[in-house]
Novice: 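Take this structure first; my questions come after.
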2 protein chains.
Amino acid sequence: MTLKLHCFGESGHSYKVALALNVAGLDWEPVHIDFFRGGSRTPEYLANVNEMGEAPVLVDGDLKLSQSGVILDYLSEKTGRFGGETPEERREVLRWVLWDNHKMSSQAGVTRFLTNFLSPEKRNDDVIAFCQGRMMAALKVLDGHMTERDWIAGRDVTNADFSCCSYLFYDESFGFDRKAYPNIDRWLDRIADLPGWRHPYDLMPRAFPGAA
Amino acid sequence: MTLKLHCFGESGHSYKVALALNVAGLDWEPVHIDFFRGGSRTPEYLANVNEMGEAPVLVDGDLKLSQSGVILDYLSEKTGRFGGETPEERREVLRWVLWDNHKMSSQAGVTRFLTNFLSPEKRNDDVIAFCQGRMMAALKVLDGHMTERDWIAGRDVTNADFSCCSYLFYDESFGFDRKAYPNIDRWLDRIADLPGWRHPYDLMPRAFPGAA
């Protein structure tokens, strides 16, 4: 049965799952959420899809799962891949997925939203600088971790990589300069070389297909 | 062997674990981190305790674990408690722990830091208002989820409750008014009635013992 992923192209959190699905070679299709017109906050969406008002949501038959970290964990149970092979690796994967949710993608996602998708009259440069500062602190931790290391946790690509890389593949300017983080830069190239890798906009329908 | 928790009283992320340890009745002791004087960012701490520069860290013999969500998961393996009883419950626990890290404790923790512990000359009211807005959006989701429900996931207290409640037990003013969220208010009373519950400052040494 085809897996369905409620998502939208601009959502890095959705991209984590879309990328894992595609690299695993699973049969899946995107279901577009009209996020920028409130599509994840309609009464129907909150009642029937996700009370948290967020993307992504994976539907596998009768099962409906939200939170990218839960979905990635579920897909690992299904495929036996990307979840870590030992208890230590499994914990290391979860550690970086949690850190990503708290410190990396959360800050990168908000910063990218504030700098690219918020209407100009609501823009506040102090708030942007604050979020960028937190994002850059996270990038520094990740770049340090990737010194002399190919993948975040374990000897191969895992959910930790899918989770942490997500917002870093978007081309819109939001304060992340790949060349300033050489270990991250090489690691992103390594991910982009995986069979099944696609840019987020090639995996999921965009809200603004004409934009940069 | 006594479990050691690197922590400090003002850290809600540490409190999640301290509370789980105490409610489980485990033999543990806190190891104070001098966070406000950079204690979690010294070269020694980054190299030997946690490269993420964060609290808490649990030490169990030779094992050293960071990220509160990983530690809670580990303690559940150890005790057989608080992790959910079925695969569905386990996923539901993880879902709320991830949401908490991304949307709830993260925002509440930052807001409390900015309003209570940042030096006044660095205070920026626009940034505080932005963080409070995000915190209140999360509180609304949680309050809605707790309608006609005693615990966040499953029929009894789990790691989802320990994770999400953490910053909500502090008395310092940071924009969270318990009475504005009646379902959260009742749920916090329920948690405070658990055997072993203690206020964060009664479980972990504070940096500012004289403060309000």
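So that the names make sense, note that chain A is the first sequence line, chain B the second, and so on, each numbered from 1. A quick note: this is a predicted structure, and the numbers were derived from the prediction, not measured.
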Novice: Hey, which of A/Glu54, A/Gln107, A/Lys140 has the most heavy atom pairs under 4.5 Å with chain B?
Specialist: A/Glu54

Novice: Give, as side chain, backbone, both or neither, the part of A/Asp126 having an atom under 4.5 angstrom from any heavy atom of chain B.
Specialist: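 Contact with chain B involves both backbone and side-chain atoms of A/Asp126.
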
Novice: Check each atom of A/Asn50 against the heavy atoms of chain B and say whether the ones under 4.5 Å are side chain, backbone, both or neither.
Specialist: side chain

Novice: What part of B/Leu65 lies closer than 4.5 angstrom to a heavy atom of chain A: side chain, backbone, both or neither?
Specialist: side chain

Novice: Sequence neighbours left out, what passes side-chain contact (heavy atoms from CB on, under 4.5 Å) with B/Arg149? Give chain and number order.
Specialist: B/His145, B/Met146

Novice: Relative to chain B, which segment of A/Leu46 carries a heavy atom at a distance below 4.5 Å: side chain, backbone, both, or neither?
Specialist: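 A/Leu46 has no heavy atom closer than 4.5 Å to chain B.
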
Novice: Could you go through A/Phe130 and B/Val110, starting from their C-alpha distance and side-chain angles, then the distance that decides it, and tell me whether this counts as side-chain contact (heavy atoms from CB on, under 4.5 Å)?
Specialist: CA-CA 11 Å; A/Phe130 174 77; B/Val110 165; 3.8 Å; yes

Novice: What part of A/Leu63 gets closer than 4.5 Å to chain B, counting heavy atoms only: side chain, backbone, both or neither?
Specialist: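 For A/Leu63, side-chain heavy atoms alone lie under 4.5 Å from chain B.
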
Novice: Between chain A and each of B/Gly69, B/Ser66, B/Ser106, count heavy-atom pairs under 4.5 Å; write down the option with the most.
Specialist: B/Ser66

Novice: Who in residues 73-105 of chain B is close to chain A, using a strict under-4.5 Å heavy-atom cut-off?
Specialist: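 The stretch touches chain A at B/Asp73, B/Tyr74, B/Glu77, B/Arg90, B/Arg91, B/Leu94, B/Arg95, B/Trp96, B/Val97, B/Leu98, B/Trp99, B/Asn101, B/His102, B/Lys103.
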
Novice: With a 4.5 angstrom heavy-atom cut-off, which part of A/Leu114 approaches chain B: side chain, backbone, both or neither?
Specialist: side chain

Novice: Taking CD in A/Glu121 as the centre, count heavy atoms belonging to other residues, nucleotides or ligands within less than 6.0 Å. Is the count above 12?
Specialist: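 Result for CD/A/Glu121: enclosed.
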
